[in-house]
Amino acid sequence: GAGVSQSPSNKVTEKGKDVELRCDPISGHTALYWYRQSLGQGLEFLIYFQGNSAPDKSGLPSDRFSAERTGGSVSTLTIQRTQQEDSAVYLCASSLLAGAHVGTDTQYFGPGTRLTVL
Amino acid sequence: DQQVKQNSPSLSVQEGRISILNCDYTNSMFDYFLWYKKYPAEGPTFLISISSIKDKNEDGRFTVFLNKSAKHLSLHIVPSQPGDSAVYFCAASAKSNYQLIWGAGTKLIIKP
(Lines give C-alpha, C1' and ligand atoms only; values in the text may rest on other atoms or scores of the structure.)
Protein backbone atom coordinates (compact mmCIF):
# COMPACT_ATOMS: atom_id res chain seq x y z
CA GLY A 1 0.00 0.00 0.00
CA ALA A 2 0.93 3.66 -0.13
CA GLY A 3 3.35 4.96 2.42
CA VAL A 4 3.49 8.35 4.10
CA SER A 5 3.72 11.16 1.59
CA GLN A 6 4.79 14.74 2.12
CA SER A 7 4.60 17.82 -0.04
CA PRO A 8 6.35 19.79 -1.23
CA SER A 9 9.63 17.88 -1.27
CA ASN A 10 11.56 21.14 -1.33
CA LYS A 11 10.54 24.64 -0.36
CA VAL A 12 12.62 27.78 -0.66
CA THR A 13 11.13 30.88 0.89
CA GLU A 14 12.13 34.34 1.96
CA LYS A 15 12.50 35.32 5.57
CA GLY A 16 9.21 36.59 6.96
CA LYS A 17 6.97 34.56 4.63
CA ASP A 18 4.54 31.89 5.82
CA VAL A 19 4.85 28.28 4.66
CA GLU A 20 2.58 25.25 4.80
CA LEU A 21 3.87 21.70 4.76
CA ARG A 22 1.56 18.79 4.12
CA CYS A 23 1.59 15.20 5.32
CA ASP A 24 -0.60 12.33 4.13
CA PRO A 25 -0.26 9.45 6.61
CA ILE A 26 -0.83 5.78 5.96
CA SER A 27 -4.54 5.05 5.85
CA GLY A 28 -5.78 3.71 9.19
CA HIS A 29 -2.89 5.01 11.24
CA THR A 30 -4.23 6.87 14.25
CA ALA A 31 -1.01 8.52 15.37
CA LEU A 32 0.84 11.21 13.46
CA TYR A 33 4.11 12.90 14.39
CA TRP A 34 6.00 15.89 13.04
CA TYR A 35 9.76 16.10 13.49
CA ARG A 36 12.43 18.52 12.42
CA GLN A 37 15.98 17.58 11.51
CA SER A 38 18.52 20.35 11.34
CA LEU A 39 21.88 19.77 9.70
CA GLY A 40 23.99 17.30 11.67
CA GLN A 41 21.33 16.84 14.33
CA GLY A 42 18.95 14.10 15.34
CA LEU A 43 15.23 14.28 14.86
CA GLU A 44 13.56 16.86 17.06
CA PHE A 45 9.97 16.13 18.10
CA LEU A 46 7.53 18.91 17.23
CA ILE A 47 3.95 17.74 17.64
CA TYR A 48 1.90 14.56 18.05
CA PHE A 49 -1.68 13.76 17.06
CA GLN A 50 -3.50 10.69 18.35
CA GLY A 51 -7.02 10.02 17.16
CA ASN A 52 -9.45 12.62 18.42
CA SER A 53 -7.36 13.56 21.45
CA ALA A 54 -5.93 17.02 21.86
CA PRO A 55 -2.52 17.14 20.16
CA ASP A 56 0.67 17.35 22.16
CA LYS A 57 2.29 20.58 21.00
CA SER A 58 5.06 20.55 23.59
CA GLY A 59 7.81 20.28 20.99
CA LEU A 60 6.83 23.30 18.90
CA PRO A 61 9.75 25.76 19.18
CA SER A 62 7.68 28.95 19.09
CA ASP A 63 4.17 30.26 18.56
CA ARG A 64 5.05 30.80 14.91
CA PHE A 65 4.61 27.05 14.49
CA SER A 66 1.20 25.41 14.37
CA ALA A 67 -0.26 22.20 13.01
CA GLU A 68 -3.61 20.68 12.43
CA ARG A 69 -4.93 17.31 11.41
CA THR A 70 -8.23 17.30 9.59
CA GLY A 71 -10.57 14.35 9.82
CA GLY A 72 -7.94 12.28 11.53
CA SER A 73 -5.96 12.00 8.32
CA VAL A 74 -4.06 14.73 6.47
CA SER A 75 -1.95 17.08 8.55
CA THR A 76 -0.58 20.53 7.80
CA LEU A 77 2.34 22.14 9.58
CA THR A 78 2.35 25.93 9.27
CA ILE A 79 5.29 28.17 10.00
CA GLN A 80 4.50 31.87 10.11
CA ARG A 81 7.02 34.63 9.56
CA THR A 82 9.79 32.17 8.75
CA GLN A 83 13.28 32.76 10.07
CA GLN A 84 16.59 31.44 8.77
CA GLU A 85 16.90 29.12 11.78
CA ASP A 86 13.73 27.37 10.59
CA SER A 87 15.72 25.91 7.70
CA ALA A 88 15.67 22.14 8.17
CA VAL A 89 14.12 18.94 6.89
CA TYR A 90 10.62 18.50 8.27
CA LEU A 91 9.60 14.85 8.64
CA CYS A 92 6.18 13.39 9.22
CA ALA A 93 5.55 9.90 10.55
CA SER A 94 2.45 7.86 11.24
CA SER A 95 1.80 4.73 13.27
CA LEU A 96 -1.02 2.47 14.36
CA LEU A 97 -0.37 3.12 18.08
CA ALA A 98 -3.90 2.46 19.34
CA GLY A 99 -2.67 2.21 22.90
CA ALA A 100 0.57 0.44 22.12
CA HIS A 101 3.83 1.55 23.69
CA VAL A 102 5.66 3.96 21.41
CA GLY A 103 8.71 1.73 21.63
CA THR A 104 6.83 -1.16 20.03
CA ASP A 105 4.71 0.87 17.65
CA THR A 106 6.69 1.31 14.46
CA GLN A 107 6.66 4.79 13.02
CA TYR A 108 6.61 5.06 9.24
CA PHE A 109 8.21 8.16 7.87
CA GLY A 110 7.61 10.23 4.81
CA PRO A 111 10.53 11.47 2.69
CA GLY A 112 10.43 14.90 4.33
CA THR A 113 10.22 18.48 3.15
CA ARG A 114 13.48 20.38 2.91
CA LEU A 115 12.78 23.96 3.90
CA THR A 116 15.28 26.67 3.08
CA VAL A 117 14.68 30.16 4.39
CA LEU A 118 16.76 32.81 2.63
CA ASP B 1 20.84 18.12 27.27
CA GLN B 2 21.36 15.23 24.88
CA GLN B 3 19.74 12.18 26.38
CA VAL B 4 20.76 9.96 23.45
CA LYS B 5 24.23 10.34 22.01
CA GLN B 6 25.89 8.85 18.97
CA ASN B 7 29.44 10.05 19.27
CA SER B 8 30.69 8.85 15.90
CA PRO B 9 29.40 11.02 13.05
CA SER B 10 30.71 8.53 10.51
CA LEU B 11 32.14 5.04 10.20
CA SER B 12 33.83 3.34 7.27
CA VAL B 13 33.89 -0.47 7.06
CA GLN B 14 35.11 -2.92 4.46
CA GLU B 15 32.43 -4.98 2.72
CA GLY B 16 32.04 -8.36 4.39
CA ARG B 17 33.40 -7.19 7.74
CA ILE B 18 31.44 -6.35 10.86
CA SER B 19 30.01 -2.86 11.39
CA ILE B 20 29.51 -1.74 14.98
CA LEU B 21 27.50 1.39 15.66
CA ASN B 22 27.35 2.75 19.18
CA CYS B 23 24.82 4.72 21.19
CA ASP B 24 24.89 6.04 24.75
CA TYR B 25 22.01 7.33 26.82
CA THR B 26 21.59 9.13 30.10
CA ASN B 27 17.96 8.57 31.10
CA SER B 28 17.49 5.44 33.19
CA MET B 29 13.74 5.61 32.54
CA PHE B 30 14.19 4.57 28.92
CA ASP B 31 12.70 1.13 28.44
CA TYR B 32 12.82 0.66 24.68
CA PHE B 33 15.57 1.36 22.21
CA LEU B 34 15.24 1.44 18.47
CA TRP B 35 17.52 1.70 15.47
CA TYR B 36 16.38 3.40 12.29
CA LYS B 37 18.18 3.54 8.97
CA LYS B 38 18.01 6.48 6.59
CA TYR B 39 18.99 6.78 2.96
CA PRO B 40 19.47 10.21 1.36
CA ALA B 41 16.22 11.96 0.40
CA GLU B 42 14.16 9.31 2.19
CA GLY B 43 12.60 9.14 5.61
CA PRO B 44 14.05 6.88 8.31
CA THR B 45 12.93 3.25 8.27
CA PHE B 46 12.71 1.02 11.31
CA LEU B 47 15.47 -1.57 11.57
CA ILE B 48 15.47 -3.31 14.94
CA SER B 49 14.55 -2.65 18.56
CA ILE B 50 15.27 -3.98 22.02
CA SER B 51 13.41 -3.87 25.30
CA SER B 52 15.30 -2.91 28.43
CA ILE B 53 14.51 -6.33 29.92
CA LYS B 54 16.74 -7.94 27.31
CA ASP B 55 20.41 -7.62 26.56
CA LYS B 56 20.38 -8.88 22.98
CA ASN B 57 18.04 -8.98 20.03
CA GLU B 58 18.92 -10.49 16.69
CA ASP B 59 17.30 -10.21 13.28
CA GLY B 60 19.24 -11.72 10.41
CA ARG B 61 22.47 -9.80 9.91
CA PHE B 62 21.51 -7.24 12.55
CA THR B 63 22.02 -7.65 16.28
CA VAL B 64 21.48 -5.06 18.96
CA PHE B 65 23.20 -5.35 22.33
CA LEU B 66 22.12 -3.46 25.42
CA ASN B 67 24.32 -2.83 28.46
CA LYS B 68 22.06 -1.17 31.00
CA SER B 69 24.71 -0.69 33.64
CA ALA B 70 26.80 1.26 31.16
CA LYS B 71 23.75 2.89 29.53
CA HIS B 72 25.12 1.80 26.20
CA LEU B 73 23.78 -0.03 23.21
CA SER B 74 25.33 -1.10 19.98
CA LEU B 75 24.17 -2.31 16.60
CA HIS B 76 26.20 -5.01 14.90
CA ILE B 77 25.86 -5.67 11.19
CA VAL B 78 27.57 -8.76 9.91
CA PRO B 79 28.53 -9.25 7.18
CA SER B 80 28.35 -5.64 6.01
CA GLN B 81 27.00 -5.10 2.51
CA PRO B 82 27.12 -2.07 0.18
CA GLY B 83 23.37 -1.53 0.66
CA ASP B 84 24.00 -0.97 4.33
CA SER B 85 25.59 2.39 3.54
CA ALA B 86 23.22 4.85 5.19
CA VAL B 87 22.77 7.00 8.27
CA TYR B 88 21.80 5.01 11.36
CA PHE B 89 19.83 6.65 14.15
CA CYS B 90 19.47 5.38 17.67
CA ALA B 91 16.24 6.34 19.45
CA ALA B 92 14.83 5.67 22.90
CA SER B 93 11.47 5.84 24.62
CA ALA B 94 10.11 5.71 28.14
CA LYS B 95 6.86 3.90 28.81
CA SER B 96 5.34 6.94 30.40
CA ASN B 97 6.04 9.06 27.35
CA TYR B 98 5.16 8.47 23.71
CA GLN B 99 7.98 10.62 22.41
CA LEU B 100 11.05 9.08 20.84
CA ILE B 101 14.35 10.74 21.76
CA TRP B 102 16.81 10.54 18.87
CA GLY B 103 20.56 10.55 18.55
CA ALA B 104 22.27 12.64 15.87
CA GLY B 105 23.01 9.63 13.69
CA THR B 106 26.09 7.83 12.38
CA LYS B 107 26.84 7.71 8.68
CA LEU B 108 27.99 4.21 7.75
CA ILE B 109 30.02 3.81 4.59
CA ILE B 110 30.67 0.29 3.31
CA LYS B 111 33.73 0.14 1.11
CA PRO B 112 33.85 -2.44 -1.71
Side-chain angles (χ1 to χ4, degrees), chain A residues 3-10 21 23-26 30-51 53-60 88-114, chain B residues 1-10 21-27 29-54 57 59 64 66 73 86-107:
Chain A
V4 177
S5 62
Q6 292 185 246
S7 61
S9 55
N10 281 285
L21 312 180
C23 171
D24 283 86
I26 293 173
T30 61
L32 187 147
Y33 302 79
W34 281 98
Y35 294 91
R36 176 170 73 174
Q37 186 185 14
S38 302
L39 192 63
Q41 304 296 314
L43 278 67
E44 173 191 4
F45 167 81
L46 296 177
I47 188 169
Y48 161 75
F49 295 90
Q50 162 62 353
S53 302
D56 178 352
K57 305 178 182 180
S58 62
L60 295 179
V89 176
Y90 289 81
L91 291 158
C92 172
S94 70
S95 69
L96 280 171
L97 200 57
H101 180 348
V102 66
T104 58
D105 184 58
T106 300
Q107 295 184 26
Y108 296 85
F109 283 82
T113 294
R114 180 174 296 278
Chain B
D1 176 32
Q2 281 186 291
Q3 297 186 64
V4 177
K5 296 180 183 178
Q6 294 177 258
N7 292 318
S8 298
S10 65
L21 298 113
N22 295 304
C23 178
D24 296 293
Y25 62 96
T26 58
N27 190 341
M29 297 300 292
F30 288 148
D31 61 350
Y32 250 99
F33 302 89
L34 306 90
W35 285 93
Y36 275 76
K37 174 181 179 179
K38 184 182 185 300
Y39 292 118
E42 295 184 11
T45 56
F46 172 74
L47 191 57
I48 192 169
S49 65
I50 188 167
S51 162
S52 61
I53 64 174
K54 296 185 176 181
N57 189 26
D59 183 3
V64 56
L66 175 62
L73 66 156
V87 177
Y88 290 79
F89 290 97
C90 171
S93 69
K95 190 172 185 178
S96 60
N97 192 325
Y98 48 75
Q99 293 184 22
L100 286 178
I101 307 300
W102 297 74
T106 296
K107 182 176 184 178

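Protein chains get the first letters and strands the later ones, always in sequence-line order, with residue 1 at the start of each.
Contacts between A:Gln6 and chain B at a heavy-atom distance below 4.5 Å are absent for every atom of the residue. Contacts of A:Ser58 with chain B are made by side-chain atoms alone, with heavy-atom separations under 4.5 Å and no backbone atom involved. For A:Leu43, the parts lying near chain B are the backbone and the side chain together; criterion is any non-hydrogen pair under 4.5 Å. Contacts between B:Phe30 and chain A at a heavy-atom distance below 4.5 Å are absent for every atom of the residue.
A 4.5 Å side-chain heavy-atom check between B:Tyr25 and B:Leu73 finds at least one atom pair inside the cut-off. The shortest distance between side-chain heavy atoms of A:Phe109 and A:Tyr35 falls below 4.5 Å.
Listed by chain and residue number, A:Cys23, A:Ile26, A:Cys92, A:Ser94, A:Tyr108 satisfy the side-chain contact (heavy atoms from CB on, under 4.5 Å) test with A:Val4 (two or more places apart in sequence, or in another chain).
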Result block: side-chain N/O donor-acceptor pairs under 3.5 angstrom for residues 38-47 of chain B, not counting sequence neighbours:
unit_1, atom_1, unit_2, atom_2, d
B:Lys38, NZ, B:Glu42, O, 3.0
B:Tyr39, OH, B:Lys37, NZ, 2.9
B:Tyr39, OH, B:Gly83, O, 2.6
B:Thr45, OG1, B:Lys37, O, 3.3

